[in-house]
Number of protein chains: 2
Amino acid sequence: MKTKQETRPSTSERILSATLRLMSEKGYKSVTVKQIAAEAGFSEMTIFRTFGSKKAILDRLIENYLYTPPNEKMIRDRLTYDLETDLLMLSEFYHDTVGATEQIYLLSVMERSVMPDLHVNIHHNATKFTDIVADYLKTMQERGLVVAGDPLVQAATLMYFNYGKFATYTLIPRADRLNNLRDAVAVIARGLAA
Amino acid sequence: MKTKQETRPSTSERILSATLRLMSEKGYKSVTVKQIAAEAGFSEMTIFRTFGSKKAILDRLIENYLYTPPNEKMIRDRLTYDLETDLLMLSEFYHDTVGATEQIYLLSVMERSVMPDLHVNIHHNATKFTDIVADYLKTMQERGLVVAGDPLVQAATLMYFNYGKFATYTLIPRADRLNNLRDAVAVIARGLAA
DNA sequence: GAAGCCTGTTAGTAAGCAGTAACATCGAAG
DNA sequence: CTTCGATGTTACTGCTTACTAACAGGCTTC
(Lines give C-alpha, C1' and ligand atoms only; values in the text may rest on other atoms or scores of the structure.)
Protein backbone atom coordinates (compact mmCIF):
# COMPACT_ATOMS: atom_id res chain seq x y z
CA MET A 1 0.00 0.00 0.00
CA LYS A 2 1.23 3.42 -0.93
CA THR A 3 1.75 5.97 1.75
CA LYS A 4 0.25 9.33 1.05
CA GLN A 5 2.19 11.04 -1.72
CA GLU A 6 4.59 13.61 -0.34
CA THR A 7 4.08 16.54 -2.65
CA ARG A 8 7.59 17.82 -3.09
CA PRO A 9 7.68 21.59 -3.36
CA SER A 10 7.97 22.77 -6.93
CA THR A 11 10.99 24.56 -8.26
CA SER A 12 9.44 27.98 -7.94
CA GLU A 13 8.21 27.24 -4.43
CA ARG A 14 11.66 26.17 -3.34
CA ILE A 15 13.17 29.27 -4.84
CA LEU A 16 10.60 31.47 -3.16
CA SER A 17 11.08 30.00 0.30
CA ALA A 18 14.85 30.10 -0.04
CA THR A 19 14.66 33.74 -1.07
CA LEU A 20 12.39 34.65 1.81
CA ARG A 21 14.64 32.84 4.25
CA LEU A 22 17.71 34.70 3.03
CA MET A 23 16.19 38.12 2.46
CA SER A 24 14.42 38.22 5.81
CA GLU A 25 17.86 37.82 7.34
CA LYS A 26 20.06 40.02 5.17
CA GLY A 27 17.75 42.16 3.09
CA TYR A 28 17.26 42.35 -0.65
CA LYS A 29 20.56 43.86 -1.73
CA SER A 30 22.77 41.70 0.42
CA VAL A 31 21.38 38.47 -0.96
CA THR A 32 22.87 37.41 -4.28
CA VAL A 33 21.21 35.22 -6.84
CA LYS A 34 24.05 32.81 -6.35
CA GLN A 35 23.14 32.48 -2.68
CA ILE A 36 19.50 31.95 -3.53
CA ALA A 37 20.49 29.24 -5.98
CA ALA A 38 22.63 27.49 -3.38
CA GLU A 39 19.95 27.75 -0.70
CA ALA A 40 17.28 26.41 -3.03
CA GLY A 41 19.54 23.68 -4.38
CA PHE A 42 19.55 24.83 -7.99
CA SER A 43 21.95 26.51 -10.35
CA GLU A 44 21.87 30.22 -10.96
CA MET A 45 20.47 29.70 -14.42
CA THR A 46 17.42 27.91 -13.10
CA ILE A 47 16.62 30.92 -10.98
CA PHE A 48 16.73 33.25 -13.95
CA ARG A 49 14.82 30.83 -16.12
CA THR A 50 12.08 30.49 -13.53
CA PHE A 51 11.66 34.10 -12.49
CA GLY A 52 13.52 36.17 -15.05
CA SER A 53 15.10 38.49 -12.53
CA LYS A 54 15.97 38.82 -8.88
CA LYS A 55 13.39 41.52 -8.44
CA ALA A 56 10.66 39.29 -9.84
CA ILE A 57 11.21 36.77 -7.04
CA LEU A 58 10.67 39.45 -4.44
CA ASP A 59 7.60 40.71 -6.25
CA ARG A 60 6.09 37.25 -6.23
CA LEU A 61 6.81 36.83 -2.54
CA ILE A 62 4.93 40.00 -1.73
CA GLU A 63 2.12 39.16 -4.09
CA ASN A 64 1.67 35.80 -2.41
CA TYR A 65 1.54 37.45 0.99
CA LEU A 66 -0.87 40.19 -0.01
CA TYR A 67 -3.37 37.72 -1.42
CA THR A 68 -3.74 35.95 1.88
CA PRO A 69 -6.45 37.95 3.60
CA PRO A 70 -7.09 37.71 7.33
CA ASN A 71 -10.36 36.31 8.59
CA GLU A 72 -12.16 38.62 10.98
CA LYS A 73 -15.32 36.59 11.30
CA MET A 74 -13.45 33.68 12.80
CA ILE A 75 -12.28 35.96 15.58
CA ARG A 76 -15.68 37.30 16.52
CA ASP A 77 -17.20 33.82 16.59
CA ARG A 78 -14.83 32.75 19.31
CA LEU A 79 -15.69 35.48 21.76
CA THR A 80 -17.07 34.34 25.11
CA TYR A 81 -17.52 37.74 26.72
CA ASP A 82 -15.41 36.74 29.64
CA LEU A 83 -12.80 39.48 29.58
CA GLU A 84 -9.64 37.60 30.46
CA THR A 85 -10.55 34.59 28.34
CA ASP A 86 -11.27 36.75 25.33
CA LEU A 87 -8.20 38.93 25.63
CA LEU A 88 -6.06 35.83 25.86
CA MET A 89 -7.81 34.30 22.86
CA LEU A 90 -7.34 37.49 20.88
CA SER A 91 -3.68 37.64 21.81
CA GLU A 92 -3.11 34.02 20.92
CA PHE A 93 -4.90 34.50 17.64
CA TYR A 94 -2.69 37.48 16.89
CA HIS A 95 0.47 35.54 17.55
CA ASP A 96 -0.75 32.53 15.60
CA THR A 97 -1.64 34.48 12.49
CA VAL A 98 0.88 37.31 12.53
CA GLY A 99 3.47 34.91 13.84
CA ALA A 100 3.12 32.90 10.66
CA THR A 101 4.47 35.85 8.75
CA GLU A 102 7.59 36.63 10.75
CA GLN A 103 9.85 36.52 7.75
CA ILE A 104 7.61 38.74 5.68
CA TYR A 105 7.48 41.14 8.58
CA LEU A 106 11.27 41.28 8.79
CA LEU A 107 11.50 41.78 5.06
CA SER A 108 8.97 44.58 5.16
CA VAL A 109 10.95 46.34 7.88
CA MET A 110 14.27 46.04 6.10
CA GLU A 111 12.94 47.05 2.70
CA ARG A 112 10.37 49.55 3.86
CA SER A 113 11.96 52.40 1.94
CA VAL A 114 12.04 50.40 -1.27
CA MET A 115 8.60 48.84 -0.96
CA PRO A 116 6.52 50.94 1.40
CA ASP A 117 3.33 49.25 0.24
CA LEU A 118 4.09 46.01 1.99
CA HIS A 119 5.07 47.74 5.18
CA VAL A 120 1.98 49.90 5.17
CA ASN A 121 -0.18 46.88 4.46
CA ILE A 122 1.18 45.00 7.45
CA HIS A 123 0.67 48.00 9.66
CA HIS A 124 -2.83 48.33 8.30
CA ASN A 125 -3.62 44.74 9.24
CA ALA A 126 -2.42 45.42 12.76
CA THR A 127 -4.60 48.51 12.93
CA LYS A 128 -7.59 46.51 11.77
CA PHE A 129 -6.95 43.93 14.45
CA THR A 130 -6.79 46.69 17.04
CA ASP A 131 -10.10 48.03 15.78
CA ILE A 132 -11.70 44.64 16.29
CA VAL A 133 -10.42 44.54 19.85
CA ALA A 134 -11.68 48.10 20.38
CA ASP A 135 -15.12 47.09 19.12
CA TYR A 136 -15.13 44.22 21.53
CA LEU A 137 -14.10 46.41 24.45
CA LYS A 138 -16.78 48.94 23.58
CA THR A 139 -19.37 46.19 23.78
CA MET A 140 -17.93 45.06 27.09
CA GLN A 141 -18.14 48.63 28.38
CA GLU A 142 -21.80 48.73 27.44
CA ARG A 143 -22.33 45.51 29.35
CA GLY A 144 -20.63 47.07 32.35
CA LEU A 145 -17.75 44.60 32.26
CA VAL A 146 -14.99 46.99 31.29
CA VAL A 147 -14.03 50.31 32.81
CA ALA A 148 -14.84 53.55 31.05
CA GLY A 149 -12.28 54.98 28.71
CA ASP A 150 -11.45 55.25 25.04
CA PRO A 151 -11.77 51.68 23.74
CA LEU A 152 -9.13 52.37 21.12
CA VAL A 153 -6.59 53.33 23.74
CA GLN A 154 -7.53 50.27 25.77
CA ALA A 155 -7.23 48.02 22.75
CA ALA A 156 -3.94 49.62 21.77
CA THR A 157 -2.57 48.88 25.22
CA LEU A 158 -3.10 45.18 24.63
CA MET A 159 -1.94 45.25 21.03
CA TYR A 160 1.22 47.26 21.63
CA PHE A 161 2.09 44.69 24.24
CA ASN A 162 1.49 41.86 21.80
CA TYR A 163 3.38 43.61 19.06
CA GLY A 164 6.31 44.28 21.36
CA LYS A 165 6.41 40.63 22.26
CA PHE A 166 6.12 39.58 18.64
CA ALA A 167 8.89 41.90 17.50
CA THR A 168 11.13 40.69 20.29
CA TYR A 169 10.91 37.00 19.56
CA THR A 170 11.06 37.66 15.86
CA LEU A 171 14.24 39.71 16.13
CA ILE A 172 15.82 37.75 18.96
CA PRO A 173 15.33 34.10 18.06
CA ARG A 174 16.25 32.82 21.48
CA ALA A 175 13.76 35.11 23.23
CA ASP A 176 10.74 33.63 24.92
CA ARG A 177 7.87 33.30 22.57
CA LEU A 178 4.54 32.75 24.22
CA ASN A 179 5.82 31.98 27.67
CA ASN A 180 3.91 33.87 30.30
CA LEU A 181 1.47 35.25 27.76
CA ARG A 182 -1.44 34.22 29.97
CA ASP A 183 -0.06 35.98 33.04
CA ALA A 184 0.74 39.17 31.17
CA VAL A 185 -2.66 39.31 29.53
CA ALA A 186 -4.22 38.70 32.94
CA VAL A 187 -2.57 41.90 34.17
CA ILE A 188 -4.06 43.89 31.33
CA ALA A 189 -7.44 42.21 31.72
CA ARG A 190 -7.40 43.12 35.39
CA GLY A 191 -6.60 46.69 34.50
CA LEU A 192 -9.55 46.81 32.13
CA ALA A 193 -12.14 44.96 34.20
CA ALA A 194 -14.93 47.07 35.63
CA MET B 1 29.32 91.94 21.32
CA LYS B 2 29.67 88.48 19.95
CA THR B 3 26.79 86.09 20.11
CA LYS B 4 27.61 82.70 21.48
CA GLN B 5 29.74 80.84 19.00
CA GLU B 6 27.71 78.35 16.98
CA THR B 7 29.92 75.30 16.96
CA ARG B 8 29.40 74.01 13.48
CA PRO B 9 29.57 70.25 13.36
CA SER B 10 32.95 69.02 12.24
CA THR B 11 33.47 67.21 8.97
CA SER B 12 33.50 63.81 10.58
CA GLU B 13 30.39 64.59 12.61
CA ARG B 14 28.53 65.69 9.54
CA ILE B 15 29.57 62.54 7.71
CA LEU B 16 28.54 60.38 10.63
CA SER B 17 25.11 61.88 10.99
CA ALA B 18 24.50 61.77 7.25
CA THR B 19 25.51 58.12 7.21
CA LEU B 20 23.25 57.26 10.12
CA ARG B 21 20.37 59.07 8.52
CA LEU B 22 20.77 57.20 5.25
CA MET B 23 21.66 53.78 6.60
CA SER B 24 18.84 53.73 9.13
CA GLU B 25 16.53 54.12 6.17
CA LYS B 26 18.08 51.90 3.52
CA GLY B 27 20.64 49.75 5.28
CA TYR B 28 24.38 49.52 4.86
CA LYS B 29 24.63 47.96 1.43
CA SER B 30 22.03 50.13 -0.23
CA VAL B 31 23.72 53.36 0.74
CA THR B 32 26.58 54.39 -1.51
CA VAL B 33 29.49 56.56 -0.53
CA LYS B 34 28.36 58.98 -3.18
CA GLN B 35 25.02 59.34 -1.41
CA ILE B 36 26.72 59.87 1.92
CA ALA B 37 28.89 62.56 0.36
CA ALA B 38 25.87 64.33 -1.11
CA GLU B 39 23.92 64.09 2.15
CA ALA B 40 26.85 65.43 4.16
CA GLY B 41 27.64 68.12 1.61
CA PHE B 42 31.13 66.95 0.74
CA SER B 43 32.82 65.24 -2.13
CA GLU B 44 33.38 61.51 -2.17
CA MET B 45 37.09 62.00 -1.66
CA THR B 46 36.57 63.82 1.60
CA ILE B 47 34.65 60.83 2.91
CA PHE B 48 37.48 58.47 2.12
CA ARG B 49 40.10 60.87 3.42
CA THR B 50 38.25 61.24 6.70
CA PHE B 51 37.32 57.64 7.36
CA GLY B 52 39.32 55.53 4.94
CA SER B 53 36.48 53.24 4.06
CA LYS B 54 32.73 52.95 4.09
CA LYS B 55 32.88 50.26 6.73
CA ALA B 56 34.93 52.50 9.01
CA ILE B 57 32.10 55.04 9.14
CA LEU B 58 29.70 52.40 10.30
CA ASP B 59 32.17 51.13 12.87
CA ARG B 60 32.56 54.60 14.29
CA LEU B 61 28.81 55.07 14.50
CA ILE B 62 28.46 51.91 16.54
CA GLU B 63 31.43 52.74 18.69
CA ASN B 64 29.94 56.13 19.50
CA TYR B 65 26.67 54.53 20.47
CA LEU B 66 28.19 51.80 22.59
CA TYR B 67 30.18 54.25 24.67
CA THR B 68 27.10 56.10 25.80
CA PRO B 69 26.06 54.16 28.89
CA PRO B 70 22.61 54.51 30.39
CA ASN B 71 22.22 55.93 33.88
CA GLU B 72 20.31 53.65 36.22
CA LYS B 73 20.77 55.71 39.33
CA MET B 74 18.89 58.62 37.84
CA ILE B 75 15.88 56.36 37.40
CA ARG B 76 15.78 55.05 40.96
CA ASP B 77 16.10 58.52 42.40
CA ARG B 78 12.90 59.63 40.74
CA LEU B 79 10.71 56.91 42.20
CA THR B 80 7.81 58.10 44.34
CA TYR B 81 6.34 54.70 45.22
CA ASP B 82 2.99 55.71 43.87
CA LEU B 83 2.41 52.96 41.34
CA GLU B 84 0.81 54.82 38.47
CA THR B 85 3.10 57.82 38.81
CA ASP B 86 6.17 55.66 38.80
CA LEU B 87 5.13 53.45 35.91
CA LEU B 88 4.42 56.54 33.86
CA MET B 89 7.75 58.06 34.82
CA LEU B 90 9.56 54.84 33.92
CA SER B 91 7.75 54.66 30.59
CA GLU B 92 8.49 58.28 29.78
CA PHE B 93 12.11 57.78 30.73
CA TYR B 94 12.27 54.78 28.45
CA HIS B 95 10.89 56.71 25.51
CA ASP B 96 13.10 59.69 26.18
CA THR B 97 16.32 57.71 26.30
CA VAL B 98 15.62 54.88 23.90
CA GLY B 99 13.78 57.29 21.68
CA ALA B 100 16.98 59.24 21.22
CA THR B 101 18.45 56.23 19.48
CA GLU B 102 15.75 55.45 16.96
CA GLN B 103 18.10 55.50 14.03
CA ILE B 104 20.64 53.28 15.72
CA TYR B 105 17.83 50.91 16.57
CA LEU B 106 16.70 50.75 12.96
CA LEU B 107 20.25 50.20 11.82
CA SER B 108 20.74 47.41 14.34
CA VAL B 109 17.61 45.68 13.09
CA MET B 110 18.55 45.92 9.44
CA GLU B 111 22.16 44.89 9.90
CA ARG B 112 21.63 42.42 12.72
CA SER B 113 23.08 39.54 10.73
CA VAL B 114 26.18 41.51 9.85
CA MET B 115 26.76 43.09 13.24
CA PRO B 116 24.93 41.04 15.86
CA ASP B 117 26.86 42.74 18.66
CA LEU B 118 25.01 46.00 18.31
CA HIS B 119 21.66 44.30 18.16
CA VAL B 120 22.41 42.17 21.19
CA ASN B 121 23.64 45.20 23.07
CA ILE B 122 20.43 47.10 22.45
CA HIS B 123 18.39 44.13 23.54
CA HIS B 124 20.54 43.83 26.61
CA ASN B 125 19.87 47.43 27.56
CA ALA B 126 16.15 46.78 27.26
CA THR B 127 16.50 43.71 29.44
CA LYS B 128 18.36 45.73 32.04
CA PHE B 129 15.64 48.32 32.04
CA THR B 130 13.06 45.60 32.54
CA ASP B 131 15.07 44.26 35.47
CA ILE B 132 14.99 47.67 37.10
CA VAL B 133 11.22 47.80 36.72
CA ALA B 134 10.98 44.27 38.11
CA ASP B 135 13.05 45.27 41.13
CA TYR B 136 10.73 48.17 41.71
CA LEU B 137 7.64 45.99 41.42
CA LYS B 138 9.11 43.48 43.84
CA THR B 139 9.57 46.24 46.37
CA MET B 140 6.02 47.37 45.76
CA GLN B 141 4.79 43.84 46.31
CA GLU B 142 6.58 43.74 49.64
CA ARG B 143 4.89 46.98 50.58
CA GLY B 144 1.57 45.44 49.67
CA LEU B 145 0.97 47.90 46.83
CA VAL B 146 1.22 45.47 43.94
CA VAL B 147 -0.51 42.16 43.42
CA ALA B 148 1.37 38.92 43.81
CA GLY B 149 3.00 37.45 40.76
CA ASP B 150 6.37 37.13 39.09
CA PRO B 151 7.73 40.71 39.06
CA LEU B 152 9.62 39.97 35.86
CA VAL B 153 6.46 39.02 34.04
CA GLN B 154 4.73 42.09 35.42
CA ALA B 155 7.62 44.32 34.37
CA ALA B 156 7.76 42.69 30.95
CA THR B 157 4.08 43.46 30.46
CA LEU B 158 4.81 47.15 30.78
CA MET B 159 8.01 47.04 28.79
CA TYR B 160 6.65 45.01 25.90
CA PHE B 161 3.93 47.59 25.66
CA ASN B 162 6.46 50.40 25.61
CA TYR B 163 8.65 48.61 23.12
CA GLY B 164 5.71 47.94 20.85
CA LYS B 165 4.83 51.60 20.93
CA PHE B 166 8.43 52.61 20.32
CA ALA B 167 8.85 50.24 17.38
CA THR B 168 5.60 51.47 15.89
CA TYR B 169 6.38 55.15 15.88
CA THR B 170 9.94 54.46 14.83
CA LEU B 171 8.89 52.38 11.84
CA ILE B 172 5.77 54.36 10.98
CA PRO B 173 6.79 57.99 11.21
CA ARG B 174 3.27 59.30 11.13
CA ALA B 175 2.14 57.04 13.98
CA ASP B 176 1.26 58.56 17.31
CA ARG B 177 4.25 58.90 19.54
CA LEU B 178 3.46 59.50 23.16
CA ASN B 179 -0.20 60.30 22.74
CA ASN B 180 -2.29 58.45 25.26
CA LEU B 181 0.75 57.08 27.03
CA ARG B 182 -0.69 58.15 30.36
CA ASP B 183 -4.01 56.39 29.79
CA ALA B 184 -2.42 53.19 28.59
CA VAL B 185 0.00 53.07 31.49
CA ALA B 186 -2.93 53.70 33.81
CA VAL B 187 -4.55 50.51 32.56
CA ILE B 188 -1.46 48.50 33.33
CA ALA B 189 -1.00 50.19 36.70
CA ARG B 190 -4.58 49.34 37.55
CA GLY B 191 -3.92 45.74 36.59
CA LEU B 192 -0.91 45.62 38.88
CA ALA B 193 -2.28 47.51 41.88
CA ALA B 194 -3.02 45.42 44.96
C1' DG C 1 52.87 86.41 1.83
C1' DA C 2 54.27 81.77 2.79
C1' DA C 3 53.16 77.30 4.69
C1' DG C 4 50.09 73.92 5.57
C1' DC C 5 45.66 71.89 5.86
C1' DC C 6 41.18 70.91 4.16
C1' DT C 7 38.58 70.13 0.25
C1' DG C 8 37.39 69.47 -4.75
C1' DT C 9 38.14 67.47 -9.51
C1' DT C 10 39.27 64.21 -12.71
C1' DA C 11 40.56 59.91 -14.11
C1' DG C 12 41.13 55.52 -13.22
C1' DT C 13 41.31 50.35 -11.23
C1' DA C 14 39.42 46.20 -9.51
C1' DA C 15 35.83 43.59 -7.88
C1' DG C 16 31.19 41.95 -7.41
C1' DC C 17 26.93 41.10 -9.30
C1' DA C 18 22.68 40.84 -12.43
C1' DG C 19 21.58 38.91 -16.47
C1' DT C 20 22.38 36.32 -21.28
C1' DA C 21 23.84 32.83 -24.77
C1' DA C 22 24.98 28.35 -26.25
C1' DC C 23 25.51 23.87 -25.48
C1' DA C 24 25.38 19.55 -22.57
C1' DT C 25 22.95 16.14 -19.58
C1' DC C 26 19.45 13.49 -17.62
C1' DG C 27 14.98 11.57 -16.68
C1' DA C 28 10.34 10.74 -17.78
C1' DA C 29 6.61 9.91 -21.04
C1' DG C 30 5.05 8.50 -25.35
C1' DC D 1 14.15 4.36 -28.29
C1' DT D 2 13.09 8.85 -29.01
C1' DT D 3 11.61 13.19 -27.78
C1' DC D 4 11.06 16.84 -24.82
C1' DG D 5 11.27 19.51 -20.80
C1' DA D 6 13.81 20.73 -16.88
C1' DT D 7 18.28 21.57 -15.23
C1' DG D 8 23.44 22.22 -15.25
C1' DT D 9 27.92 24.30 -17.11
C1' DT D 10 30.71 27.59 -19.00
C1' DA D 11 31.81 31.77 -20.73
C1' DC D 12 30.61 36.23 -21.36
C1' DT D 13 28.69 41.35 -21.06
C1' DG D 14 27.73 45.45 -18.80
C1' DC D 15 26.91 48.01 -14.83
C1' DT D 16 27.66 49.67 -10.27
C1' DT D 17 30.55 50.71 -6.62
C1' DA D 18 34.36 50.88 -3.29
C1' DC D 19 38.57 52.84 -3.34
C1' DT D 20 43.12 55.26 -5.20
C1' DA D 21 46.31 58.62 -7.49
C1' DA D 22 47.60 63.03 -8.80
C1' DC D 23 46.90 67.62 -9.00
C1' DA D 24 44.63 72.16 -8.00
C1' DG D 25 42.38 75.71 -5.32
C1' DG D 26 41.29 78.09 -1.23
C1' DC D 27 41.33 79.39 3.71
C1' DT D 28 43.67 80.00 8.00
C1' DT D 29 47.68 81.12 10.71
C1' DC D 30 51.90 82.67 11.58
Side-chain angles (χ1 to χ4, degrees), chain A residues 2-64 107 110-111 113-115 118, chain B residues 2-64 107 110-111 113-115 118:
Chain A
K2 262 187 197 166
T3 56
K4 190 172 183 183
Q5 185 82 9
E6 283 277 335
T7 50
R8 259 226 319 266
S10 71
T11 300
S12 66
E13 278 165 350
R14 274 196 280 176
I15 293 171
L16 284 170
S17 71
T19 303
L20 183 55
R21 230 172 300 140
L22 292 171
M23 287 191 182
S24 65
E25 275 294 311
K26 318 247 185 189
Y28 178 81
K29 274 236 174 178
S30 295
V31 173
T32 69
V33 177
K34 190 172 290 187
Q35 288 173 326
I36 295 172
E39 179 81 12
F42 291 106
S43 76
E44 233 178 309
M45 270 309 300
T46 297
I47 311 294
F48 283 113
R49 268 194 282 250
T50 309
F51 284 98
S53 74
K54 180 184 171 185
K55 182 78 188 332
I57 312 175
L58 179 60
D59 290 342
R60 178 72 70 78
L61 272 176
I62 295 166
E63 196 183 326
N64 286 355
L107 190 57
M110 298 174 80
E111 303 302 326
S113 72
V114 175
M115 10 178 286
L118 177 59
Chain B
K2 261 189 198 165
T3 56
K4 191 173 183 182
Q5 185 83 8
E6 285 277 335
T7 49
R8 259 226 318 267
S10 71
T11 300
S12 66
E13 279 166 349
R14 275 197 280 177
I15 293 171
L16 284 170
S17 72
T19 304
L20 183 55
R21 229 172 299 140
L22 292 170
M23 288 191 182
S24 65
E25 276 295 309
K26 317 246 185 189
Y28 178 80
K29 275 235 174 179
S30 295
V31 173
T32 68
V33 177
K34 191 171 290 189
Q35 288 173 328
I36 295 173
E39 179 82 11
F42 290 106
S43 77
E44 232 179 311
M45 270 310 299
T46 296
I47 311 294
F48 283 112
R49 269 194 280 250
T50 309
F51 285 97
S53 74
K54 180 184 171 185
K55 182 76 189 330
I57 312 175
L58 179 60
D59 290 343
R60 178 71 70 79
L61 272 176
I62 296 166
E63 197 184 328
N64 286 354
L107 189 56
M110 299 175 78
E111 304 302 327
S113 72
V114 175
M115 11 178 286
L118 177 59

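Residue numbers start from 1 in every chain, and the chains themselves are labelled A, B, ... in the order their sequence lines are given, proteins ahead of strands.
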Kindly say whether, by distance alone, the side chain of A:Arg49 makes a donor-acceptor pair under 3.5 Å with the base of C:dG19? no
With a 4.5 Å heavy-atom cut-off, do B:Asp59 and B:Lys55 have their side chains touching? yes
Just call it for B:Thr46: base, sugar-phosphate, or nothing, with non-hydrogen atoms closer than 4.0 Å on any strand. sugar-phosphate
DNA chain C contacts made by residues 10-36 of chain A, counting heavy atoms under 4.0 Å: A:Val31, A:Thr32, A:Val33
Just how far, in rounded Å, is C1' of C:dA22 from CE of A:Met45? 10 Å
Please check if atom NZ in B:Lys26 has more than 12 non-hydrogen atoms from other residues, nucleotides or ligands closer than 6.0 Å. no
Can you confirm whether A:Leu118 sits close enough to A:Glu111 that some side-chain heavy atom of one is under 4.5 Å from a side-chain heavy atom of the other? no
Which pairs count as side chain to side chain donor-acceptor pair (under 3.5 Å) when at least one residue sits in residues 16-25 of chain A, sequence neighbours excluded? A:Ser17-A:Arg21, A:Arg21-A:Glu39
Which atom names give the shortest non-hydrogen contact between A:Ala18 and A:Ile36, and what distance separates them? CB-O, 4.2 Å
Rounded distance in Å - CD (A:Glu44) to C1' (D:dA11): 13 Å
Rounded distance in Å - CZ (B:Phe42) to P (C:dC6): 12 Å
Near DNA chain C, under 4.0 Å by heavy atom, which residues of residues 54-61 of chain A? A:Lys54
Over all atoms of both residues, closest heavy-atom pair of A:Lys29 and B:Ser30: CG-OG, 3.4 Å
With side chains defined as the heavy atoms from C-beta onward, is the minimum distance between B:Tyr28 and B:Leu58 less than 4.5 Å? yes
Between A:Phe48 (CZ) and D:dA6 (P), how many Å, whole number? 19 Å
For a 4.5 angstrom cut-off between non-hydrogen side-chain atoms, does A:Met23 reach A:Ile57? no
